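The sequence lines fix the lettering, A, B, ..., with proteins before strands; numbering per chain opens at 1. Just so it is clear, the structure is predicted and the values come from calculations on it, not from any experiment.
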Amino acid sequence: MFRYTEEELLQLKPEVDVPVNFDIDSFRAIIDKVKEIQGLQEEEYQQFHRRRSSHHHGRPKIKHTKPKITTDSDGWSTFENTVARRKSNAAGNGSEEDLPVKEQPVIAQETLKVKPNKNITSTKPADARDIVTDKAVNNFNAFAALESDEEDE
Amino acid sequence: MSVEEVTQKTGDLNIDEKSTVLSSEKEFQLKHPLNTKWTLWYTKPPVDKSESWSDLLRPVTSFETVEEFWAIHNAIPKPRYLPLKSDYHLFRNDIRPEWEDPTNAQGGKWTHQFWGKTPDIDDLWMRALLAVIGETIDEDDSEINGVVINIRKSAYKIAIWTKSADNKEALTRIGSKFKTVLKLGDDAQLEFLPHSTASEKHPQPSLVL
């Protein structure tokens, strides 16, 4: 039975490197190669697959485009539709020349005008024209009712 | 016996021509034999999904003397230089460093994880190797199969593999010495995990020191 304490084994440690019984250069080359590949994989991961840092809590900012509103001298505000319509079809080729010629539907080009109602909380009508609209068109005439056609029969 | 006779007999001995260990350069290089042959294994980290475990685990070399051990230990890269997911395994004779090997199947391992950078990991690994090949960690000479170091991103792990998992008295003696070899304080835990629980998701140690 051979036993050696740590101190005894350390005393037998050579001062200089001694040749080994296997191809140490190939072994070192494998390890260097693996380290090189791992380094490249880590670099790629950092570049393309890194998650958003948890340091920045909250949702990402999304920029919403505000509709453009123009107000004329009378106080009328007008929305302007600046969103361009997409021209691509379901297949995604976007070529209108390939589509059969169809008559384009006529879309009324109207501009909605909204006037702010400053008197919304008052009893006064917001627009003077509404007074005419609300006025009763047919008044009840009792004499006319007495002379109805039913009695003549 | 007369002086002449003594002189004649002394001359017949011919001391100057007799070869000794000191006079022979070959014999002078005495080697210190180890108790058994030891084999160094290396687990190469996978760099391709097609690589299987059997492709990655390979024997590097074997040695039977102290001098051969030092030659190999000085030549191979130290644990701190190894790429992540590498393992060194030093196992007795031809035991494969796997649970499935018949010599390991009924055994287990004393293991400790060194979290963080652990600047002295090379020294701790060398101390573990010397304790195993010098046969000073096991008084009964019947339990130790091998020693392993795992290189991982968050921790280094050093473990001693034993033949049995139920010899509590012998295992406790080995664990206590292993704890000293690894310079672990009272606050550090050394756990014994039977290989039979190795496939469990969260195996519980059967012994803790």
Side-chain angles (χ1 to χ4, degrees), chain A residues 1-63 88-94, chain B residues 29-36 39-40 42-48 51 56 58-79 81-86 88 123 126-141 151 153 177 180-181:
Chain A
M1 179 70 191
F2 299 104
R3 283 185 196 276
Y4 303 92
T5 64
E6 185 181 329
E7 289 73 27
E8 288 170 339
L9 289 168
L10 285 169
Q11 283 175 1
L12 294 170
K13 186 178 181 180
E15 296 293 329
V16 294
D17 289 344
V18 179
V20 292
N21 56 355
F22 67 101
D23 188 356
I24 184 66
D25 292 331
S26 297
F27 184 64
R28 285 180 180 153
I30 290 170
I31 288 172
D32 288 340
K33 187 69 181 174
V34 171
K35 288 186 82 169
E36 183 187 341
I37 293 170
Q38 283 187 345
L40 290 171
Q41 287 175 340
E42 179 67 20
E43 194 176 316
E44 185 185 346
Y45 180 82
Q46 290 290 337
Q47 196 171 356
F48 297 110
H49 299 91
R50 200 161 61 90
R51 287 186 173 183
R52 186 182 295 117
S53 170
S54 58
H55 175 71
H56 304 289
H57 293 291
R59 295 179 178 178
K61 289 182 179 176
I62 300 170
K63 189 178 179 182
S88 60
N89 57 21
N93 55 18
Chain B
Q29 293 177 351
L30 283 176
K31 292 187 176 180
H32 296 76
L34 296 170
N35 209 30
T36 58
T39 302
L40 176 71
Y42 175 65
T43 306
K44 186 180 83 67
V47 292
D48 189 337
E51 292 176 303
L56 303 174
R58 290 296 169 87
V60 179
T61 187
S62 295
F63 56 89
E64 294 183 76
T65 67
V66 177
E67 287 73 16
E68 289 170 344
F69 162 75
W70 280 121
I72 293 164
H73 183 263
N74 291 343
I76 61 174
K78 301 291 179 285
Y81 184 78
L82 291 179
L84 295 175
K85 299 181 183 176
S86 292
Y88 272 145
D123 181 57
M126 187 190 72
R127 286 171 59 88
L129 291 174
L130 297 181
V132 169
I133 66 167
E135 309 281 3
T136 53
I137 204 164
D138 180 14
E139 292 175 354
D140 299 330
D141 314 321
I151 318 298
K153 192 172 186 178
K177 287 190 178 180
T180 307
V181 167

Heavy-atom pairs under 4.5 Å with chain B, option from A/V20, A/I37, A/L12 with the top count = A/L12
Of all of A/D32, A/N21, A/V16, which one pairs up most often with chain B through heavy atoms under 4.5 Å apart?
-> A/N21
Do the non-hydrogen side-chain atoms of [X] and [Y] ever get within less than 4.5 Å of each other?
X     : Y      : result
B/T61 : A/F27  : no
A/F22 : B/I72  : yes
A/E6  : B/T136 : no
B/L34 : A/Y4   : yes
A/F2  : B/T65  : no

Who passes side-chain contact (heavy atoms from CB on, under 4.5 Å) against A/E36, sequence neighbours left out?
->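 Only A/K33 meet the side-chain contact (heavy atoms from CB on, under 4.5 Å) criterion with A/E36.
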Who passes side-chain contact (heavy atoms from CB on, under 4.5 Å) against A/P14, sequence neighbours left out?
->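 Applying side-chain contact (heavy atoms from CB on, under 4.5 Å) to A/P14 gives A/V18, B/W70, B/N74.
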With only heavy atoms counted, which part of A/Q41 is less than 4.5 Å from chain B, the side chain, the backbone, both or neither?
-> side chain
Measuring heavy-atom distances to chain B, does A/I24 have an atom under 4.5 Å in its side chain, in its backbone, in both, or in neither?
->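 It is the side chain, since no backbone atom gets that close.
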So what's closer than 4.5 Å to chain A heavy atoms on [X]: side chain, backbone, both or neither?
X      : value
B/V181 : neither
B/V66  : side chain
B/Y42  : side chain
B/H32  : both
B/E67  : side chain
B/S86  : neither

Does A/Q38 use its side chain to pair, donor to acceptor, with the backbone of B/L84 at less than 3.5 Å?
->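 Answer holds: yes.
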Got a donor-acceptor contact below 3.5 angstrom from the A/D17 side chain to the B/A75 backbone?
-> no
Just verifying a value: how many Å separate [X] [atom1] and [Y] [atom2], rounded to the nearest 0.5 Å?
X      : Y      : atom1 : atom2 : result
A/R3   : B/I133 : CZ    : CD1   : 14.0 Å
B/R127 : A/L10  : CZ    : CG    : 9.0 Å
B/I76  : A/I31  : CD1   : CD1   : 8.0 Å
B/F69  : A/L9   : CZ    : CG    : 7.5 Å

Residue, of B/P33, B/P45, B/P77, B/A71, that accumulates the most heavy atom pairs under 4.5 Å with chain A |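 Sorted descending by pairs with chain A, the first entry is B/P33.
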NZ/B/K85: more than 12 non-hydrogen atoms of other groups inside 6.0 Å |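 Not more than 12 within 6.0 Å, no.
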